[in-house]
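Note sheet for the following structure.
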Amino acid sequence: MIPVRVLLADDHALVRAGIRALLQGLEGVTVVAETGNGAEVLELARTHRPDVVLLDISMPGLSGLDVSEQLERELPEVRVVVLSMHANEEYVLQALRSGAAGYMLKDSATAELELALKAVMQGETYLSPPISKQVVEGYVQRVGAEQPASEKLTPRQREVLQLIAEGLSTKEIAYRLELSVKTVETHRAQLMERLQIRDIAGLVKYAIRSGLASSAK
């Protein structure tokens with residue numbers, strides 16, 4: 001492994017000692033400082049400029065997420081790997097949004113520590129395998145639940161929406177699509193209900209945002 005300078009932060013002394021021992025057993029890894037207080041992490045990071053901060057998510061002073069956010073702003077070159085007992089997807093997403101490059105469960109296999117360090121030093125994101133699977137499954141579920149409204153429209157509804165955005169009147173749309181005026185009006189009402197839009201101007205803006213029309217004529 002390439003040389004890695006690590007700052008270790010965990011408020012449990014025994015846990016910290018165990019992780020430090022594991023780190024010292026890895027070739028090229030040096031623990032430059034350690035602390036059990038969130039606020040001290042920032043001071044130590046400014047002083048020692050570590051490559052990686054192994055950061056407990058729950059600490060006195062500042063939480064791991066707060067520390068990660070500040071490190072992202074002040075020392076973006078420092079890679080943060082969050083250590084946590086929480087396998088909840090929301091914790092993981094919060095950590096990644098805060099700027100963390102990795103998320104490890106504290107009950108992970110010891111070999112994972114080296115894998116995580118290698119990954120983040122190569123600019124990759126590391127997630128413990130159980131977390132990785134959970135996040136992917138959650139993402140797939142959300143994508144299915146949050147399908148863009150325009151993809152839920154029928155082909156005919158998309159046609160009507162596009163022509164509305166192009167500035168055609170109800171009669172013109174009926175003529176263009178060989179439909180009755182009443183049918184076009186029904187499609188328009190269904191569009192407004194499905195998209196939760198109350199007026200024609202809103203439909204036009206939505207069509208443009210969704211790429212169904214480049215501009216209103």
Side-chain angles (χ1 to χ4, degrees), residues 1-139 142:
M1 183 187 295
I2 62 174
V4 183
R5 303 173 71 254
V6 176
L7 167 57
L8 176 59
D10 192 296
D11 63 332
H12 294 91
L14 288 177
V15 172
R16 200 165 65 241
I19 296 174
R20 182 175 66 249
L22 290 174
L23 290 170
Q24 290 172 337
L26 298 178
E27 183 180 356
V29 178
T30 303
V31 179
V32 296
E34 62 179 86
T35 181
N37 183 280
E40 290 180 2
V41 176
L42 297 172
E43 297 176 10
L44 291 171
R46 295 183 189 112
T47 300
H48 295 278
R49 300 296 174 111
D51 299 305
V52 177
V53 174
L54 289 178
L55 186 63
D56 187 7
I57 202 168
S58 301
M59 288 187 297
L62 284 175
S63 73
L65 298 180
D66 291 333
V67 172
S68 182
E69 287 180 355
Q70 291 198 39
L71 286 174
E72 174 71 11
R73 289 195 297 269
E74 293 185 34
L75 302 169
E77 70 280 5
V78 175
R79 299 159 179 84
V80 173
V81 176
V82 168
L83 302 172
S84 176
M85 290 298 297
H86 302 290
N88 184 282
E89 180 190 359
E90 185 56 34
Y91 277 97
V92 181
L93 295 178
Q94 287 179 9
L96 296 178
R97 283 194 290 265
S98 75
Y103 193 103
M104 275 191 66
L105 296 176
K106 287 187 176 180
D107 59 359
S108 298
T110 55
E112 269 195 54
L113 194 54
E114 184 173 9
L115 293 176
L117 292 176
K118 285 182 177 179
V120 299
M121 287 299 292
Q122 292 171 356
E124 301 172 0
T125 298
Y126 183 86
L127 302 177
S128 289
I131 292 295
S132 181
K133 180 181 179 182
Q134 185 175 340
V135 169
V136 170
E137 289 176 347
Y139 174 77
R142 285 196 307 279

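Residue indices begin at 1 and follow the sequence shown. The basis for the numbers below is simple: all heavy atoms, side chains too, and nothing from hydrogens, waters or symmetry mates.
Ion pair Lys106/Asp56 flagged as a salt bridge, since at least one NZ, NE, NH1 or NH2 atom sits closer than 4.0 Å to an Asp/Glu carboxylate oxygen.
Shown here for Asp10 and Met59, the closest heavy-atom pair between the two residues is N-SD, 4.0 Å. When all heavy atoms of Ala100 and Val82 are compared, the pair lying nearest together is CB-CG2, 3.9 Å. The two residues His86 and Tyr103 have their closest heavy-atom pair at O-OH, 2.7 Å.
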task: Report the C-alpha distance between Leu83 and Ile19 in whole Å, list the side-chain angles of each, state the deciding distance to 0.1 Å, and finish with yes or no for side chain to side chain contact (heavy atoms under 4.5 Å, CB included).
output: CA-CA 10 Å; Leu83 302 172; Ile19 296 174; 3.7 Å; yes
query: Given the rule in the side chain to side chain contact (heavy atoms under 4.5 Å, CB included) test, do Val41 and Leu62 qualify, once you have shown the distances and angles that lead to the verdict?
result: CA-CA 9 Å; Val41 176; Leu62 284 175; over 6 Å; no
message: Before you tell me yes or no, could you show the steps for Glu77 and Leu75 under side chain to side chain contact (heavy atoms under 4.5 Å, CB included), namely the whole-Å CA-CA distance, both residues' side-chain angles and the distance that decides it to 0.1 Å?
response: CA-CA 5 Å; Glu77 70 280 5; Leu75 302 169; 3.7 Å; yes
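Leu117 places a side-chain heavy atom less than 4.5 Å from the side chain of Leu23. Looking at Ile2 and Met121, their side chains come closer than 4.5 Å, going by heavy atoms from C-beta outward. Looking at heavy atoms from C-beta onward, Leu42 lies out of side-chain contact with Glu40 at the 4.5 angstrom threshold. Looking at Leu115 and Tyr126, their side chains come closer than 4.5 Å, going by heavy atoms from C-beta outward.
Side chain of Arg79 to main chain of Gly123: no donor-acceptor pair is present (N/O by atom type, distance under 3.5 Å, no hydrogens or angles).
Asp66 meets the side chain to side chain donor-acceptor pair (under 3.5 Å) test with Ser63; sequence neighbours excluded.
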